[in-house]
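The structure under discussion appears below in the form of structure tokens.
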Number of protein chains: 4
Amino acid sequence: MTTNTAGTRRRDAAGTRQLLLDAARRRFAADGYTAATVRDIATDAGVNVALINRYFTSKEGLFEACLAEVGDELGRTVDDQLPLERIPHDLAVRLAGPHAARHRTQLLLLLRSSGDEKAERIRVDILRRFADRMATAAGWQPGDADADRRMLRAQMTLASAIGIALLRASTALEPLASADQDELAEPLRDMFSALLAPDR
Amino acid sequence: MTTNTAGTRRRDAAGTRQLLLDAARRRFAADGYTAATVRDIATDAGVNVALINRYFTSKEGLFEACLAEVGDELGRTVDDQLPLERIPHDLAVRLAGPHAARHRTQLLLLLRSSGDEKAERIRVDILRRFADRMATAAGWQPGDADADRRMLRAQMTLASAIGIALLRASTALEPLASADQDELAEPLRDMFSALLAPDR
Amino acid sequence: MTTNTAGTRRRDAAGTRQLLLDAARRRFAADGYTAATVRDIATDAGVNVALINRYFTSKEGLFEACLAEVGDELGRTVDDQLPLERIPHDLAVRLAGPHAARHRTQLLLLLRSSGDEKAERIRVDILRRFADRMATAAGWQPGDADADRRMLRAQMTLASAIGIALLRASTALEPLASADQDELAEPLRDMFSALLAPDR
Amino acid sequence: MTTNTAGTRRRDAAGTRQLLLDAARRRFAADGYTAATVRDIATDAGVNVALINRYFTSKEGLFEACLAEVGDELGRTVDDQLPLERIPHDLAVRLAGPHAARHRTQLLLLLRSSGDEKAERIRVDILRRFADRMATAAGWQPGDADADRRMLRAQMTLASAIGIALLRASTALEPLASADQDELAEPLRDMFSALLAPDR
DNA sequence: TATGAATGAGAATTCATTCAT
DNA sequence: GATGAATGAATTCTCATTCAT
């Protein structure tokens with residue numbers, strides 16, 4: 001039975017919703033959509049399973065809500081004006097900084113597919129927006145010559161970052177799995193400038 | 001499907017086994033371990049479901065066999081002596097060349113986890129061996145100074161490649177999803193030399 | 001919905017109770033006991049679900065209360081002295097007259113079973129009393145010769161009437177479903193006199 | 001575990017299908033669509049629940065199959081040429097004859113609704129066909145003057161018969177519930193001739 | 001009185017696996 | 001070797017009900 005520290009039932013809809021979102025994001029990111037069960041998520045959240053359907057209609061709905069939340073967070077945290085030089089460091093913080101656990105789920109979720117069309121649209125939108133910002137940080141404009149090739153590079157950069165996050169999270173591959181923020185920063189810097197600033 | 005003159009399926013254990021392995025690899029790579037159903041796999045292979053358990057004991061066993069096969073293939077195809085300069089091109093071929101469909105499943109499978117410990121061990125072994133070869137191609141030796149930092153770079157390179165493969169396969173993100181071999185080759189070259197040959 | 005000047009629902013236990021009874025009767029009659037959900041009923045009544053348990057203890061209790069109310073209404077409206085000749089017309093009014101919607105639920109409810117023993121007893125009592133009144137209207141006395149055969153006829157008459165009500169309500173079977181009061185009256189007259197006045 | 005008399009698993013798809021259909025018809029007829037559970041049905045049939053989905057896709061599908069089967073049976077057994085005089089007797093046999101249990105479920109099923117559109121269409125079709133045959137037995141032709149009024153009478157006759165079947169089956173209302181074939185035949189005769197042969 | 005958050009039992013359905021043929 | 005019928009565990013979701021406010 002779900003009890004808060006006082007031993008009484010929690011009665012805070014918004015709080016419960018958020019507990020579910022947090023637990024779901026972790027589970028979906030770590031196990032993938034299908035392998036994550038609503039029961040696991042509810043247990044992690046310390047909340048009754050039925051509340052998932054109450055608040056999010058269905059498992060699909062919960063997944064969409066997770067994606068939407070990640071979209072919002074990335075929209076807020078990834079600053080348009082972040083200069084190119086800061087991006088590798090920013091990503092290293094994301095991958096291995098003090099709040100890596102939460103940040104990493106943002107990236108991982110972008111690789112998790114539920115098969116549902118609506119969720120898929122949200123996911124691709126986020127990826128596209130994220131890549132756009134990288135391109136912008138690299139000083140590229142939509143109308144530039146070679147805009148398409150540059151966008152490809154931005155997307156490859158993003159894909160690489162997510163791939164690194166995924167391999168770090170899901171695989172006991174050393175030294176990658178345990179590399180700390182500083183160890184990651186240097187190669188990331190090399191990689192990013194090679195991809196996003198090839199001409200300099 | 002292989003049929004004899006009587007029109008019935010040939011009773012060919014090895015052939016049936018291989019049909020299942022091929023179908024399973026595609027499904028596991030595309031859908032992930034949990035989302036791929038043995039029924040789908042058997043149907044794709046044009047074979048009775050029960051044969052999966054007969055030949056591979058369980059779904060787990062089938063997954064392990066797929067991984068093992070990928071390990072063998074990579075062991076054979078990734079040449080020890082492949083010079084560093086050829087690796088980006090080789091990878092571009094893998095990602096977008098004429099047999100990309102089959103090659104890509106090799107990479108994707110390396111990100112698919114079943115939760116089973118034995119499969120996990122196989123998977124990590126393959127990844128490690130793969131990264132080792134890249135490091136070797138970069139001219140690094142196990143005993144070198146900075147061997148650890150270099151191994152990290154090799155693993156990040158591998159992770160990036162897999163991330164690109166995954167995003168291409170699972171997401172309608174253009175232009176990345178449809179980029180052809182030549183379009184991929186150039187940025188891959190930049191990225192690989194930045195990661196594997198930072199000093200030159 | 002009854003509201004006071006402050007715009008909040010009037011706190012009127014009796015009124016709320018009645019809103020629930022009305023909504024429940026409609027739902028139980030239309031959908032059957034199991035298919036009718038307490039949430040649907042509460043929503044129809046414009047009332048909080050929990051009040052069903054507060055006022056009627058349980059869904060069972062609400063169903064019993066509906067039946068009891070129907071029993072009361074039929075006891076009041078079906079006049080002992082109603083002459084045989086008026087019964088078909090009375091029934092036609094019930095089935096297709098201006099207040100048919102509400103009247104029909106009375107009949108339909110008599111066919112809806114919850115499986116609960118107490119409700120079942122109420123239901124059978126109502127049916128028996130209803131059939132008794134028909135027999136009485138036909139001029140029969142409990143002690144008559146052939147009392148049993150006559151009671152059987154009265155019950156068959158009742159069953160027929162309910163069957164017609166049910167088929168009209170639940171099935172798009174034309175012309176039965178849309179027949180109006182006058183169209184129903186004539187055949188009902190024939191049927192009733194054949195069953196209840198076979199000797200004349 | 002389901003075993004036949006020999007203690008071995010049954011391996012007869014058609015037989016198992018039929019066991020499920022029989023059990024389902026009884027349950028649906030007796031309890032209604034919603035109240036009947038697939039688990040009950042499977043247990044009655046002595047068969048694993050999952051086979052319902054295997055053979056009928058869903059509970060809905062099973063219900064449709066039951067209706068379709070009833071439609072076929074009624075199509076075969078209700079003879080076009082059955083003279084009017086035989087119908088009441090035929091119905092008495094159906095309601096209270098030696099195989100009443102099975103026959104009665106045919107009628108009851110025609111009052112059970114699942115809410116599914118397809119099932120509803122099947123149900124109405126059967127009712128219409130059944131009423132048509134009664135009208136034909138009464139010597140009526142589609143083009144007759146008053147065809148509509150006569151069809152109404154045929155449908156009311158059918159509704160009455162079903163109402164009697166339902167009240168007999170679902171309610172402990174004596175003497176109706178226990179009346180035997182002969183006791184039912186006489187009033188049925190009166191009722192049917194009053195409705196279907198009002199002019200003679 | 002009324003509300004709505006929370007719960008637990010039970011529903012239908014899916015799926016890997018086993019077994020008889 | 002191959003087939004497909006049968007099984008049981010697990011999954012998502014619904015629903016009546018209880019509880020804190």
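Protein chains get the first letters and strands the later ones, always in sequence-line order, with residue 1 at the start of each.
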Exercise. Listed by chain and number, what are the side chain to side chain contact (heavy atoms under 4.5 Å, CB included) partners of B:Arg121, not counting sequence neighbours?
Worked result: B:Glu117, B:Lys118
Problem set entry | Watson-Crick and G-U pairing of DNA chain F, under 3.5 Å, as dot-bracket with | and [ ] | .||||||||||||||||||||
Exercise. With a 4.0 Å cut-off on heavy atoms, is D:Ala13 in touch with a base, just the backbone sugar-phosphate, or nothing at all?
Worked result: sugar-phosphate
For this session: Quickly work out the B:Leu20 CG to F:dT3 P distance and round it to whole Å.
Result: 11 Å
Problem set entry | All ring pair (Phe, Tyr, Trp, His ring centres under 6.0 Å) counterparts of B:Tyr33, not counting sequence neighbours | B:Phe28, B:Phe63
Problem set entry | Any D:Thr37 side-chain N or O less than 4.0 Å from OP1/OP2 of E:dG10 | no
For this session: Grab the CZ-P distance between A:Arg27 and F:dT12 for me, whole Å please.
Result: 12 Å
Seminar exercise, completed: The side chain to side chain contact (heavy atoms under 4.5 Å, CB included) partners of D:Val38 (sequence neighbours excluded) come to D:Val49, D:Ile52, D:Lys59
Problem set entry | Value in whole Å for how far the C1' atom of F:dA6 lies from CG of D:Asn48 | 6 Å
Exercise. What heavy-atom pair brings B:Ala42 and B:Leu20 nearest, and what distance separates the two atoms?
Worked result: CA-CD2, 4.2 Å
Problem set entry | Phosphate OP1/OP2 of F:dA6: any D:Thr16 side-chain N/O under 4.0 Å | yes
Seminar exercise, completed: To the nearest angstrom, the CG-C1' distance between D:Asp116 and E:dA12 comes to 15 Å
Exercise. Roughly how many Å is it from CG in C:Leu19 to P in E:dA2, rounded to a whole number?
Worked result: 10 Å
Exercise. Near DNA chain E, under 4.0 Å by heavy atom, which residues of residues 52-69 of chain B?
Worked result: B:Asn53, B:Ser58, B:Lys59
Exercise. In chain order, what residues pass the salt bridge (Lys or Arg N to Asp or Glu O under 4.0 Å) check against D:Arg123, with sequence neighbours excluded?
Worked result: D:Glu120
Problem set entry | Check ion pair D:Arg17-D:Asp12 (N to O, under 4.0 angstrom) | no
Problem set entry | Nearest-nucleotide comparison on DNA chain E, the residue closer to the 5′ end among B:Ala36 and D:Val49 | D:Val49
Exercise. What pairs with C:Ile122 under side chain to side chain contact (heavy atoms under 4.5 Å, CB included), at least two apart in sequence or on another chain?
Worked result: C:Glu64, C:Leu67, C:Ile126
Exercise. Can you list the residues that meet the salt bridge (Lys or Arg N to Asp or Glu O under 4.0 Å) rule with A:Asp44, with sequence neighbours excluded?
Worked result: A:Arg27
Exercise. Rounded to whole angstroms, how far apart are CZ on A:Arg39 and C1' on E:dA9?
Worked result: 10 Å
For this session: Starting from the 5' end of DNA chain E, give me the residue, C:Leu51 or D:Tyr33, whose nearest nucleotide shows up first.
Result: C:Leu51
For this session: Specify the separation, in whole Å, of atom CZ of D:Phe28 and atom C1' of E:dA12.
Result: 12 Å
Exercise. Taking only residues two or more places apart in sequence or in another chain, which ones pass salt bridge (Lys or Arg N to Asp or Glu O under 4.0 Å) with D:Asp116?
Worked result: none
Exercise. Is there a donor N/O on one and an acceptor N/O on the other, under 3.5 Å, for the side chain of B:Asp12 and the base of F:dG1?
Worked result: no
